[in-house]
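Whatever order the structure lists ligands and atoms in, that order sets their numbers, starting from 1.
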Amino acid sequence: MKFAAPLAVAAVAAALAAPASAQFAKAEDAIKYRQSALFVMGQHFGRIGAMVNGRAPYDAKAAVENAEVVAAVARLPWAGFGAGTEKGRDTRAKPEIWLEPAKFKEHQDELLAEVPKLLAAAKTNNLDNLKTAFSATAGACKGCHDAYRKE
Ligand code: ASC
């Protein structure tokens, strides 16, 4: 019992250090995982987009809630792009993702730099701030899609 906690910590650390591909039983699961995370992120980002574009009334509390989900879920998809997950299920991911991983990572980092700003902007309860941050975040989405997502 005394060693349970350190062992648990070591197990979690080992799991986090393992190659992303090892987190999934098969490539199909990794692809499904990344698609699901990106879908959930898109749904919540889209709800902010609706407010920003005037398709939905501005609701400051809803904007914060949606931005919180976006900020949290934005960390997830990338583990689903491990080696050997180029195919295994219908995917629009381009092969370049696995040929230029450093560049792909730059796009992830760009998104992960923007989403905390989106959340911070939502928390100001100011629609103009939200518009600015939404636009920057959408730019990060688009940059990666243009480079690495098939039509
Ligand atoms: C969205 C969404 C995306 C991005 C992208 C930005 O609302 O689902 O993937 O914005 O379209 O260009």
Side-chain angles (χ1 to χ4, degrees), residues 12-151:
V12 169
L16 290 173
S21 54
Q23 297 177 18
F24 302 100
K26 47 191 196 293
E28 184 188 2
D29 290 349
I31 298 170
K32 206 187 283 185
Y33 177 91
R34 73 196 187 212
Q35 289 173 341
S36 303
L38 288 162
F39 177 75
V40 169
M41 183 162 54
Q43 291 295 298
H44 290 272
F45 189 59
R47 288 171 198 168
I48 298 172
M51 294 185 221
V52 160
N53 295 317
R55 282 179 283 116
Y58 174 51
D59 175 339
K61 186 167 171 281
V64 171
E65 285 169 0
N66 283 299
E68 278 169 345
V69 176
V70 170
V73 177
R75 298 167 55 199
L76 303 183
W78 324 115
F81 288 93
T85 65
E86 295 90 331
K87 50 184 189 238
R89 177 183 160 90
D90 265 0
T91 173
R92 286 195 284 164
K94 285 188 182 170
E96 284 77 8
I97 289 170
W98 293 273
L99 298 173
E100 42 193 49
K103 278 203 210 165
F104 183 57
K105 176 79 164 48
E106 280 176 26
H107 285 280
Q108 297 167 32
D109 291 344
E110 194 187 328
L111 178 69
L112 292 172
E114 293 301 339
V115 292
K117 295 185 208 166
L118 179 67
L119 179 55
K123 287 179 175 170
T124 66
N125 297 344
N126 177 298
L127 182 57
D128 284 331
N129 290 343
L130 189 63
K131 282 182 182 173
T132 302
F134 176 85
S135 168
T137 307
C141 300
K142 186 175 188 307
C144 193
H145 291 164
D146 287 353
Y148 295 114
R149 186 175 72 171
K150 290 177 207 159
E151 289 309 310

Apply ring pair (Phe, Tyr, Trp, His ring centres under 6.0 Å) to H44 and list each qualifying residue two or more places apart in sequence or on a separate chain. none

Which pairs pass salt bridge (Lys or Arg N to Asp or Glu O under 4.0 Å) with one or both residues in residues 139-151, sequence neighbours excluded? K142-D146

Nearest atoms (heavy-atom pairs only) where P77 meets M41: CG-CE, 4.3 Å

Is W78 reaching over with its side chain to a backbone N or O of K105, donor-acceptor style, under 3.5 angstrom? no

Going by heavy atoms in the side chains, are F104 and C144 under 4.5 Å from each other? yes

Sorted by chain and residue number, the salt bridge (charged side-chain N to carboxylate O under 4.0 Å, His left out) partners of K26 (sequence neighbours excluded) come out as D29

Taking any residue with a non-hydrogen atom under 4.0 angstrom from an atom of ligand 1, which ones do you get? G42, F45, A138, C141, K142, H145

